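These numbers come from the heavy atoms of this one structure, side chains and all, not from hydrogens, waters or symmetry mates. Since the model is a prediction, treat every value here as computed from it, not as a measurement.
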Amino acid sequence: MGRPTLVTNRVTELRTVHGISQGELGDRVGVTRQTVNAIEAGKYSPSLEVAFRIARVFAVPLEAVFQYPDA
Amino acid sequence: MAFPEKSALTMTGILLVVFGFYFAVVLGPVADAPPPGRQVAGTALMVVASVVVTILAAVTHIVLGIVFHRQANAYDERDRLIGLRGTRVGAYILAAGVCAGIWLAVIRADGFWIAQALIAALVVAQIADGVTKVVLYRRGV
């Protein structure tokens, strides 16, 4: 089976740099720890709102967290 | 593992075991019985199976809720999306099963077989719902 989403992200890297656990990040953006894990594993592409919230936690622009390949 | 995934796995397992036994008996000895007895036995088995599923579902989910109490009330956008996808798959299967039941009624099949077709549609739809959810949790959505 192919990847469910083409969106890639740097959530794991940014989370490690900021010293935040998956559970803590999930609490801050309103999703479960399992969903954060799924986002990091590329198994789930979050909604725009959650994506923005994640970027705000790390204080970076959206595209610094999430990337989409060129056609 | 997310709590809704645990729930889906548990319910799917319960349905497979209980209704696996149900259909083994109903499609075997009960189906071979003459009509009046067949209807009574089939009805009684259906009631028993429904009660057993209800009790098992309640007990297992109480246990899950206690053991995984921190996760029990967590339900986010991913859980909602996977829940909807599972429901959609189940709905298609249920619709197909109901059509089969209608077809049986049109050809004036015995009421016993119409009932079994509809029960099977319900059960298979719920199992498909659960399996879809587990696959989507594992594979991604």
Side-chain angles (χ1 to χ4, degrees), chain A residues 1-16 18-71, chain B residues 1-16 57-58 60-93 124-141:
Chain A
M1 291 244 173
R3 279 175 67 90
T5 175
L6 296 178
V7 176
T8 58
N9 66 78
R10 296 173 54 227
V11 175
T12 307
E13 177 189 334
L14 289 165
R15 194 172 50 75
T16 305
H18 285 76
I20 302 172
S21 68
Q22 288 183 336
E24 191 177 344
L25 178 60
D27 289 340
R28 287 201 200 178
V29 303
V31 298
T32 62
R33 184 197 65 77
Q34 289 84 1
T35 294
V36 171
N37 185 270
I39 292 170
E40 293 181 1
K43 290 184 178 180
Y44 177 66
S45 182
S47 67
L48 199 55
E49 184 169 348
V50 168
F52 270 111
R53 285 183 188 169
I54 292 173
R56 291 280 164 83
V57 168
F58 299 133
V60 295
L62 187 63
E63 289 207 60
V65 185
F66 295 96
Q67 298 81 42
Y68 194 80
D70 293 329
Chain B
M1 190 185 289
F3 191 86
E5 185 183 357
K6 293 184 179 78
S7 174
L9 262 175
T10 303
M11 277 310 301
T12 302
I14 290 170
L15 287 170
L16 281 169
T60 53
H61 281 75
I62 288 170
V63 170
L64 284 175
I66 292 170
V67 172
F68 302 103
H69 59 92
R70 285 186 193 161
Q71 295 179 16
N73 291 322
Y75 195 72
D76 64 12
E77 59 177 40
R78 183 174 74 116
D79 299 319
R80 270 191 295 276
L81 178 62
I82 290 174
L84 284 171
R85 295 265 178 99
T87 300
R88 185 170 68 184
V89 169
Y92 287 143
I93 292 174
V124 171
Q126 281 304 115
I127 290 172
D129 180 323
V131 169
T132 299
K133 285 173 183 169
V134 172
V135 167
L136 290 178
Y137 272 113
R138 295 286 107 197
R139 186 198 77 174
V141 61

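At distances below 3.5 Å, not a single donor-acceptor pair connects side-chain atoms of A:Lys43 with backbone N or O atoms of B:Tyr137.
No part of B:Glu5 comes within reach of chain A, as not one of its non-hydrogen atoms sits under 4.5 angstrom from that chain. Neither the backbone nor the side chain of B:Ile82 comes within less than 4.5 Å of any heavy atom in chain A.
Rounding to the nearest 0.5 Å places CD of A:Glu49 at 8.0 Å from CD of B:Glu77. Once rounded to the nearest 0.5 Å, the distance linking CZ of B:Arg78 with CD1 of A:Ile39 reads 8.5 Å.
Around atom OH of B:Tyr92, no more than 12 heavy atoms belonging to other residues, nucleotides or ligands sit under 6.0 Å away. Residue A:Phe52 places its CZ atom among 12 or fewer non-hydrogen atoms of other residues, nucleotides or ligands, all under 6.0 Å distant.
For the pair A:Tyr44 and B:Leu81, the minimum side-chain heavy-atom distance is below 4.5 Å.
In terms of heavy atoms, A:Gly30 sits closest to B:Asp76 at O-CB, 4.0 Å.
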